[in-house]
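Since this is a predicted model, take the numbers as computed values, not measurements.
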Amino acid sequence: MPNSATPTHCPYCALQCGMNLTPLQDGGVAVVERPDFPVNKGALCGKGRTAPAVLASSVRLTSPLVRSGGALVPATWDEALDRIAEGLGRTRTEHGPDACGVFGGGGLTNEKAYNLGKFARIVLGTSQIDYNGRFCMSSAAAAGIKAFGLDRGLPFPLEDIPKTGCVILVGSNLAETMPPSLRFFNELKENGGTLIVVDPRRTKTAEQADLHLMPRPGTDLALALGLLHLVVAEGRVDEEYVQERTVGWEDARAAAMAHWPEFVERITGVSVPQLREAVRMFCEPENAMVLTARGPEQQSKGTDTVGAWINLCLATGRAGRPLSGYGCLTGQGNGQGGREHGQKADQLPGYRKLDDPAARRHVAGVWGVDPDSLPGPGRSAYELLDALGTDIRALLLMASNPVVSAPRAAHIEERIKSLDFLAVCDVVLSETAALADVVLPVTQWAEETGTTTNLEGRVLLRRRAITPPEGIRSDLEVMHELAARLGAEPGMEKKFPTDPEEVFEELRRASAGGPADYSGITYRRLIEENGVFWPCPAAADGSNASDDSEDASLDAPGDDDPGQADDLAAGVHPGTPRLFLDRFATPDGKARFAPVSHRAIAEEPDDEYPVLLTTGRVVAQYQSGAQTRRVDELNAAAPGPFVELHPRLAARLGAAEGDPVAVVSRRGRAVGAARITTGIRPDTVFMPFHWPGEGRANTLTNPALDPTSRMPEFKACAVRVEAVKP
């Protein structure tokens, strides 16, 4: 590696692929391979390779903007910050602290997410904070906490996947959403293992499967219950494991037995022989895994659905054992860390619960405030956005674009427009930023240092490679300056340092003893060890500096790393790459079955809306597209919205390949080019959600919420499809 290269990580998905950045003569950087990072070993998708394109001044924001005469015009930083302080301060004075909302993003570093939650609670004094990660992994998180007592996307490293016997991959098109990860599944098959993919579309990932199950959207819960029924009926339950390591089996078993194979076939469209084959493939090897993604999670019953897949792992003894288990493929770059350190409405740093008195005492002690001064839990993401302009009158938004990404997006756009005041921090003028009263241009991944936590629970260090353009500041600097202007006491800004390592040192103390314990992790360790898996307490025995901290003891790390014993002997905790090998993170150490039953989606098709819509991503775009739609190479590969539909449906419409077709739901209308394929169910259409305007898929989606996770039902709603006449 050249001396001038800076090792860092991709700004996009939760793989957080390693890359090196080398400086260019024009002041920019080039991406070169970093083969030492184990997740991607140098491989990158097109988004990672082209990430530096968004650093260009021609693409990104270069000056603060304030609204004047109906237009956004350049302003100085002091003018912009004063305008934000005035807007938030006036709202707080006139309507109370909870009239101020804060909305964050799963792309923020741990340091930014930590300070944002702290800023909301001790500067603004508001309970109204949540983040867009609620739209991504919250159902899996809720199910994981119920079952295991802890949520970490993957309880094992990706490198374990090729060594297992079978993987059931539910609702993930990772060949397009995180392409470098596909090598682990290819290696699985090379090693004699098998891959089962559950998806209503024959995606590029499904094409790699040994068995592809194509259930009707919204029926993943019934499918999992049907597989568990067959596990029981065929005598494949690991009775000894169930007895020793779980509770709640009898109720879960009774619920599953009500879902006999023929009944499940009628609900899902998956044939009984396929159900039996899936059970055989999953149960015959010694080890197996279930991995879920947004497909089963983005449903109004997503928590129960994930719980049913976890039940399948527990009944067959496939959780908390080497090379086996349940895992969630986290989506956003720091979706894992973003939900651990205080951005969510109900959480404090370290994945502590906001309504837990001991947690409040511990974190308040680190922050130097009275625990009673901390507000209680607030609204979840969609509920917060839905309250804009009514209960919530002003909003500070960082690193999110809900005008494109939120369900029922046209309604959310109107709610945002009805605000008394909106301030946005972003790197580009997104569709949401374009509606703001003040827009602040902030630094990007290559221009700043900070930590992220990938889908494995591996804490990583992104390192600054270049100096940001003049006039660009970091989100940490923004919060420092706003704290000075809005703090209830002089010197409040001192609680919001601008140095990311100083923030991380405080985060370590705040997380100590919590479920997501980072207290034993330092920037130096992250550099030297290429990342550290949490939990990682400050001492090998799990002790920490807080008298009030909860017992977060889990398994000591496994014996697979010969250096771990030396680390423990030296008093340095090596981190925990594999969870639950001896006990689960519940009071009695046992996992909990979920007694769940199938129920319909919130909006079933009818005569007026006879087709189901499901949404997702394409390989060349990312999330709301705010950044990737500004990269020429990516736009050439995926220039605009499309509607994937079966030939039979296309024939009924009289639509040919490439013709514009409209998809209409009870919430609105979206238009895209017809993409006709036998790789989708005849009763289903698919739209990617990366584009605004006429092709905005989230105009259509249903905000029906899961009662536990508050996840909207992005993945299934009733629509009709119409040909667009010239």
Side-chain angles (χ1 to χ4, degrees), residues 135 169-177 197-207 209 212-220 268-269 293-299 331 404-405 407 409 601 603 605 609-625 637-653 655-665 667-691 694-702 712-724:
F135 296 159
L169 187 63
V170 190
S172 172
N173 182 16
L174 54 81
E176 295 199 65
T177 58
V197 171
V198 179
D199 199 302
R201 304 167 57 223
R202 187 159 182 79
T203 63
K204 291 181 180 179
T205 306
E207 290 172 356
H212 176 204
L213 308 180
M214 294 181 71
R216 184 173 178 266
T219 64
D220 309 88
T268 65
R294 307 301 79 76
E297 298 162 19
Q298 288 181 327
Q299 298 183 29
V404 178
S405 62
I601 60 174
E603 189 178 75
Y609 301 98
V611 177
L612 283 168
L613 167 72
T614 192
T615 63
R617 287 169 45 192
V618 297
V619 66
Q621 301 289 353
Y622 181 72
Q623 304 299 74
S624 75
F642 61 86
V643 180
E644 195 173 272
L645 66 165
H646 192 273
R648 294 211 301 260
L649 178 55
R652 289 202 299 271
L653 297 173
E657 180 76 14
D659 286 353
V661 295
V663 182
V664 184
S665 78
R667 290 155 294 281
R669 180 177 187 267
V671 176
R675 187 171 292 185
I676 302 170
T677 173
T678 56
I680 193 168
R681 291 174 55 95
D683 58 2
T684 301
V685 294
F686 166 83
M687 287 192 76
F689 56 76
H690 309 292
W691 289 275
E694 186 181 50
R696 182 174 60 186
N698 277 318
T699 297
L700 309 167
T701 49
N702 190 353
E713 192 151 61
F714 286 99
K715 287 301 180 187
C717 69
V719 298
R720 65 174 180 267
V721 187
E722 302 170 343
V724 176

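Arg216 has its side chain within reach of Pro605: a pair of non-hydrogen atoms, C-beta onward, lies under 4.5 Å apart. Here the side chains of Lys715 and Pro217 are not in contact, with every heavy-atom distance at 4.5 Å or above. Between Arg667 and Asn702, some side-chain heavy-atom pair lies under the 4.5 Å cut-off. No side-chain heavy atom of Gln298 sits under 4.5 Å from any side-chain heavy atom of Thr701. Two residues are said to be in side-chain contact when any heavy atoms from C-beta on lie closer than 4.5 Å; Thr615 and Leu700 fail this criterion. A 4.5 Å side-chain heavy-atom check between His690 and Tyr622 finds every atom pair outside the cut-off. Contact check for Arg681 versus His646: no side-chain heavy atoms found under the 4.5 Å cut-off. Under the 4.5 Å side-chain criterion, counting only non-hydrogen atoms from C-beta, Asp683 is not in contact with Val611.
Atom CZ of Arg675 is surrounded by 12 or fewer heavy atoms from other residues, nucleotides or ligands within 6.0 Å.
Among the candidates Val643, Thr684, Leu613, the single residue satisfying the side-chain contact (heavy atoms from CB on, under 4.5 Å) test with Val719 is Leu613. Evaluated for a side-chain contact (heavy atoms from CB on, under 4.5 Å) with Val198, the options Pro296, Ser172, Pro215 yield exactly one hit, Pro215.
Formation of a donor-acceptor pair under 3.5 Å by the His212 side chain with backbone atoms of Asp199 is found in this model. Between the Glu722 side chain and the Val664 main chain, no donor and acceptor come within less than 3.5 Å of each other. With Asp659 contributing its side chain and Ala674 its backbone, the two residues share no donor-acceptor pair below 3.5 Å. In this structure, Arg617 contributes its side chain and Thr177 its backbone to a donor-acceptor pair below 3.5 Å.
Salt-bridge annotation for Glu297 and Arg294: present, with a side-chain N of the basic residue lying under 4.0 Å from a carboxylate O of the acidic one.
We find the OG1-CD distance between Thr677 and Glu657 to be 9.0 Å, quoted to the nearest 0.5 Å. Taken to the nearest 0.5 Å, the CD atom of Glu713 stands 8.5 Å off from the CD atom of Glu603. With rounding to the nearest 0.5 Å, the separation of CD1 in Ile676 from OG1 in Thr678 is 11.0 Å. How far CE of Met687 is from CZ of Phe642: 8.5 Å, rounded to the nearest 0.5 Å.
Smallest separation of non-hydrogen atoms from Gly679 and Met214: O-CE, 4.0 Å. Nearest approach of Gly695 to Ala670, heavy atoms of both residues: C-CB, 4.4 Å. Across Ile601 and Gly218, no two heavy atoms sit closer than the pair CG2-CA, 3.5 Å. Contact between Val721 and Leu653 at its shortest, heavy atoms only, is O-CD2, 3.0 Å. For the pair Leu174 and Thr205, the tightest heavy-atom approach, listed with the atom from each and the gap, is N-OG1, 3.1 Å. Nearest heavy atom pair, residue Val618 against residue Ala638, reads CG2-CB, 4.1 Å.
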* Please walk me through it: do Gln623 and Phe689 pass side-chain contact (heavy atoms from CB on, under 4.5 Å)? -> CA-CA 7 Å; Gln623 304 299 74; Phe689 56 76; 4.1 Å; yes
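The aromatic rings of Phe135 and Phe714 sit perpendicular to each other, their planes meeting at more than 60°, with 30° as the lower class boundary.
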